[in-house]
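Inspection log for the structure reproduced underneath, given as structure tokens.
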Amino acid sequence: LADAIATNAAEGMFLVDNEGRVTFANPTAEAIFGWTQDELIGELLHERFNCRRPDGSWYDSETCPHMEVLKTGQTIRTDEDLFAHRDGRLVPVSCSIAPIRSDSTIAGAVMVVRDLTQQKLAEATQRENEEALQQAQKLESIGVLAGGIAHDFNNLLTGIMGNAGVARRAITA
């Protein structure tokens with residue numbers, strides 16, 4: 001049952017040993033990051049994925065929250081980090097990392113990774129749409145202002161033309 005859950009989970013799943021070496025990666029993790037399980041087994045998770053903060057700066061191995069669980073034994077969650085894909089691009093992810101205990105020692109950790117790429121694309125599209133709407137509203141305001149000015153100018157010209165007509169008739173009479 002546990003194997004079926006890991007294989008069919010919508011999130012990427014990794015198991016790491018107490019040194020942070022990958023011992024398992026599910027098919028979703030393979031799809032998210034482009035490496036096969038065979039290529040990941042035995043690799044240090046922190047180094048393979050070049051774990052980074054949301055601003056793109058690297059976590060060093062001492063401050064990496066993904067490895068902190070192996071030191072503290074505390075479950076750690078991150079809202080957004082960046083992991084390297086096989087092709088070099090950075091994948092935005094959220095993570096939940098929990099220790100695996102054997103008796104009283106930490107034998108490793110399980111990491112569940114959610115790919116945030118589609119969410120980030122949707123947020124960017126929403127921002128672009130909001131900016132386009134604001135730009136359209138600004139242009140509409142300028143159009144209304146220009147129409148108001150043209151209307152006022154037309155009213156002034158009507159008065160001037162009327163007075164000019166009266167003056168012309170007075171001169172020719």
Side-chain angles (χ1 to χ4, degrees), residues 1-140:
L1 181 63
D3 189 42
I5 292 170
T7 301
N8 296 300
E11 287 83 17
M13 298 176 82
F14 297 100
L15 295 177
V16 296
D17 63 16
N18 61 356
E19 294 177 359
R21 293 187 186 282
V22 177
T23 60
F24 170 81
N26 73 345
T28 305
E30 293 177 347
I32 293 170
F33 300 109
W35 282 291
T36 66
Q37 181 172 213
D38 290 339
E39 293 171 315
L40 293 170
I41 299 296
E43 294 290 322
L44 289 170
L45 183 126
H46 177 77
E47 291 180 13
R48 171 57 74 182
F49 292 105
N50 295 310
C51 302
R52 299 177 190 210
R53 295 175 183 87
D55 67 4
S57 62
W58 273 286
Y59 285 116
D60 62 39
S61 59
E62 297 301 314
T63 62
C64 182
H66 313 101
M67 297 297 101
E68 186 70 22
V69 69
L70 297 173
K71 297 174 195 166
T72 66
Q74 300 294 315
T75 297
I76 295 174
R77 288 180 179 81
T78 63
D79 292 330
E80 184 181 341
D81 287 312
L82 298 171
F83 280 18
H85 186 277
R86 182 181 190 151
D87 65 12
R89 66 187 161 90
L90 296 175
V91 179
V93 296
S94 64
C95 300
S96 178
I97 311 106
I100 299 172
R101 297 186 187 278
S102 176
D103 297 322
S104 61
T105 61
I106 299 171
V110 59
M111 176 185 285
V112 178
V113 179
R114 174 169 285 156
D115 182 358
L116 301 176
T117 302
Q118 292 304 317
Q119 177 183 331
K120 293 295 178 185
L121 289 173
E123 289 171 359
T125 300
Q126 182 176 356
R127 275 192 306 276
E128 289 171 7
N129 290 341
E130 288 171 357
E131 289 171 6
L133 176 61
Q134 288 175 352
Q135 186 66 21
Q137 289 171 334
K138 288 178 188 176
L139 290 174
E140 180 184 15

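Scope of the values below: all heavy atoms of this structure, side chains included, with no hydrogens, waters or symmetry mates.
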Ignoring hydrogens and angles, tell me if any N or O in the side chain of [X] forms a donor-acceptor pair with the backbone of [Y] under 3.5 Å.
{"X": "T28", "Y": "A9", "value": "yes"}
{"X": "T23", "Y": "L15", "value": "yes"}
{"X": "E11", "Y": "R114", "value": "no"}

Is there side-chain contact between [X] and [Y], with heavy atoms separated by less than 4.5 Å?
{"X": "R101", "Y": "I106", "answer": "yes"}
{"X": "R86", "Y": "E39", "answer": "yes"}
{"X": "Q126", "Y": "E123", "answer": "no"}

With rounding to the nearest 0.5 Å, note down the distance linking [atom1] in [X] to [atom2] in [Y].
{"X": "L82", "Y": "W58", "atom1": "CG", "atom2": "CH2", "result": "11.0 Å"}
{"X": "Q135", "Y": "E128", "atom1": "CD", "atom2": "CD", "result": "14.0 Å"}
{"X": "N50", "Y": "L45", "atom1": "CG", "atom2": "CG", "result": "10.5 Å"}
{"X": "L90", "Y": "C51", "atom1": "CG", "atom2": "SG", "result": "11.0 Å"}
{"X": "Q74", "Y": "I97", "atom1": "CD", "atom2": "CD1", "result": "12.5 Å"}

Closest contact, heavy atoms only, [X] versus [Y]:
{"X": "L70", "Y": "G20", "result": "CD1-N, 3.6 Å"}
{"X": "G42", "Y": "R21", "result": "O-NH1, 3.0 Å"}
{"X": "E68", "Y": "I76", "result": "CB-CD1, 3.4 Å"}
{"X": "C95", "Y": "F83", "result": "SG-CZ, 3.9 Å"}
{"X": "A84", "Y": "F33", "result": "O-CD2, 3.9 Å"}
{"X": "S96", "Y": "T75", "result": "OG-CG2, 4.5 Å"}

**Request:** Apply side chain to side chain contact (heavy atoms under 4.5 Å, CB included) to the pair L116 and S94, showing each step before the final yes or no.
**Result:** CA-CA 7 Å; L116 301 176; S94 64; 4.1 Å; yes

**Request:** Answer yes or no: is there an ion pair linking D55 with R53, defined by an N-O contact shorter than 4.0 Å?
**Result:** no

**Prompt:** Got a salt bridge between E130 and R127, using NZ or NE/NH1/NH2 to carboxylate O under 4.0 Å?
**Reply:** no

**Asked** Do other residues, nucleotides or ligands put more than 12 heavy atoms under 6.0 Å from D79 CG?
**Response** no

**Complete:** Hits for side chain to side chain contact (heavy atoms under 4.5 Å, CB included) against L40, two or more places apart or cross-chain, chain-then-number order -> F14, V22, A25, W35, R48, F49

**Modelled atom types, side-chain donor and acceptor of T117 and D115, under 3.5 Å** = yes

